[in-house]
Amino acid sequence: MTPDALAALVSASVTDLIQANKLCLPEGYLVNASVERPKNREHGDYATNVAMTLAKPAHTPPRVIGELLAAELEKSPAVASAVVAGPGFVNITLEAASQGEVASRIVAQGDHYGQGTSQRGRWINIEFISANPTGPIHLGHTRWAAVGDSIARVLRAQGADVTREFYINDRGVQMDRFGESIMNAAHGRPAPEGGYHGSYVKDLAAEIVANDRGVTDLPIDEQLVMFRELGYRLMLEAQQESLTRFGTEFDVWYSERTLHESGAVDRAFEQLRGQGHLYEAGGAIWLRTSDFDDDKDRVLVKADGDLTYFASDTAYYVDKRARGADRCIYLLGADHHGYVNRLRAVAACAGDDPDANIEVLIGQLVKMVKGGEEVRMSKRAGNVITIDDLVDEVGVDAARYSLIRYPVDSPLVLDVDLLLRRSNDNPVYYVQYASARIASVLRNAAELGIDWRTAAFDPALLDHERESDLLGVLGEFPRIVASAAELREPHRVARYLETLATAYHRFYDVCRVLPMGEEPVDGRHVARLWLCAASRQVFVNGLGLLGVSAPERM
RNA sequence: GCCCCCGUAGCUCAGGGGAGAGAGCAGUGGCCUCCGGAGCCAUGCGCGCAGGUUCGAAUCCUGCCGGGGGCACCA
């Protein structure tokens, strides 16, 4: 019996009590019956607090309700015992057979186990990274490359229609500075004021000159355009390659230029003007965001006629909505938190509900430590740590896992020395090792000619305490995925996999799976192989949600 | 000045109202006759402070203290 099924049983039991007039609730009262895994194993396999929540509306002491409910629950053949404890918890112990069924259910569902419908019907646009095409993807972006991608995976697993989008800021004066920086490098001159310095600028210059020999002889205006446009293309391709290598794919790469060329900006202005939120002052055109919780109004068109960056942001939001997204998620760094209110105000100005149609997640910054020293990043000096540096250093799996493992609202310190360690202090290996260990057991079973899939599976044989613990953890997976999706917190999946790894190792330590020596294969071996297969499946599914591999061997 | 995030074990950090608050690391001591020791077991009086809401608060609210980040007709 799954936790959901048990919760439904508790709910049905409460309904039965009401219909039998043993419990009286106000008309239309909605019973919210949930079960949780108690921290303490002595409190049974599952516990429900519903008796305590019903005490007030039913005008009955919680323990009295608990007794009634426990008696009702014990009528079910799946329930071994139900007892009232503490202030009014009902602690439920399942029959081994009922609990063991979880294993066969997981194997049957395969890749689908953990998927759900909690986000079905939502059309979500999730935009992340959106690095300027003037430099490589750096460490700060990389946190979002991992987390954003994983959020998208988790949302999809819960039935949402998700568009992963990367916004390319290919318009504006930084593009000219970028082009000029490359051009200067090609001529052996230093970068201009406010330009770009990294060694990659020299590399771009060299590549462009090699491909287009005559470029340095062109008139300066034409050269600038050439270096800018060719540099842009090369940089964008490099970014895309880096992200592909990192396992992060986008459904849409959206160019700011096309936003303007397609007329999307004009359309957005029209819409906002029609809704009465545009006005002119001091020669500039403003959006009255202060009507909606912004500190002050924002300029869309400067007095000199140029559009602000914010104008693009505004049009871009309106365009996303016009393309059908009913919820736009933005993943931004902590240095952009000042944008939250104005983006929400944009949604409100466009006639949307900021609480429903827009969602801005702010992630704290990432630091990297090596040899006990912080690796300093300075854009000015050009010594940025890139996504490729990180992957070269520790590999995709360790990089992704350690970036996802922590909630994004706390600053993150990546210790490279620790990430390289192949031991327990590096959780990604701990998890992958458990998964690979199972794969090995399943391989050995096949070599011994044990066809556990077709053999009779008796779930009641999984009655060891460690087996019961493991089954309980396996059963939690769907709820973990659902909460990770709802809260946009994929780190919950990573943490869950660590507890699953522990539960598996503990089981494996005391429960022999395969027959020893000439011992004949019996039902217990078969049942444990089902349990192993189920565990392996959850590792595969869970790691898949993180974009981390589940190797057969390590 | 205003805004956002964070204060949990020696260290790095989990804990979206529930029962003596957890994990890894570091330290100490155990566990290999065959399925992967990258493993398992034992050993731990810590929720920054003060109020409040609640049957119940590390979790929600308010104020303070301490740390990090941010305020643009830049991009």
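All chains are named by letter (A, B, ...) in the order of the sequence lines, taking the proteins before the strands, and each is independently numbered beginning at 1.
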(request) Answer with base, sugar-phosphate or nothing: what part of the nucleic acid does A:Lys296 contact at a heavy-atom distance below 4.0 Å? (result) sugar-phosphate

(request) Hey, could you give me each pair passing salt bridge (charged side-chain N to carboxylate O under 4.0 Å, His left out) that has a residue in residues 490-511 of chain A? Not counting sequence neighbours. (result) A:Arg405-A:Glu498, A:Glu489-A:Arg492

(request) Take nucleotides 2-12 of chain B nucleotide by nucleotide from the 5' end and write B, S or -, depending on whether a protein heavy atom sits under 4.0 Å from the base, only from the sugar-phosphate, or from neither. (result) -BSSS------

(request) Whenever both distances are under 3.5 Å in a Watson-Crick or G-U wobble pair, mark it; put RNA chain B into dot-bracket that way, with [ ] for crossing pairs and | when the partner is on another strand. (result) (((((((..((((....[...)))).(((((.......)))))....(((((..]....))))))))))))....

(message) Starting the side chain at C-beta, find the nucleotide from B:C73, B:G39, B:A19 nearest to A:Lys39.
(response) B:A19

(request) May I have all residue pairs that pass salt bridge (charged side-chain N to carboxylate O under 4.0 Å, His left out) and include part of residues 338-349 of chain A, sequence neighbours excluded? (result) A:Arg344-A:Asp355

(request) State, without any angle test, whether A:Tyr401 and A:Asn426 hold a side-chain donor-acceptor pair at a distance under 3.5 Å. (result) no

(message) What contact category does A:Arg171 fall into here, base, sugar-phosphate, or nothing, at under 4.0 angstrom with non-hydrogen atoms?
(response) sugar-phosphate

(message) The criterion is side-chain hydrogen bond (donor to acceptor under 3.5 Å, both in side chains); which residues satisfy it with A:Asp522, sequence neighbours excluded?
(response) A:His525

(request) Could you check whether A:His505 gets within reach of a base, just the sugar-phosphate, or nothing at all, counting any heavy atom under 4.0 Å? (result) sugar-phosphate

(request) Just compare B:G39, B:G16, B:G18 and give me whichever is closest to any side-chain atom of A:Phe89. (result) B:G18

(request) Would you list the pairs meeting side-chain hydrogen bond (donor to acceptor under 3.5 Å, both in side chains) in which at least one residue belongs to residues 43-56 of chain A, sequence neighbours left out? (result) A:Arg41-A:Asp45

(request) Side chain of A:Asp509 only, please: which of B:G15, B:C40, B:C35 is the nearest? (result) B:C40

(request) Can you tell me, in whole Å, how much space there is between the P of B:G39 and that of B:G7? (result) 29 Å

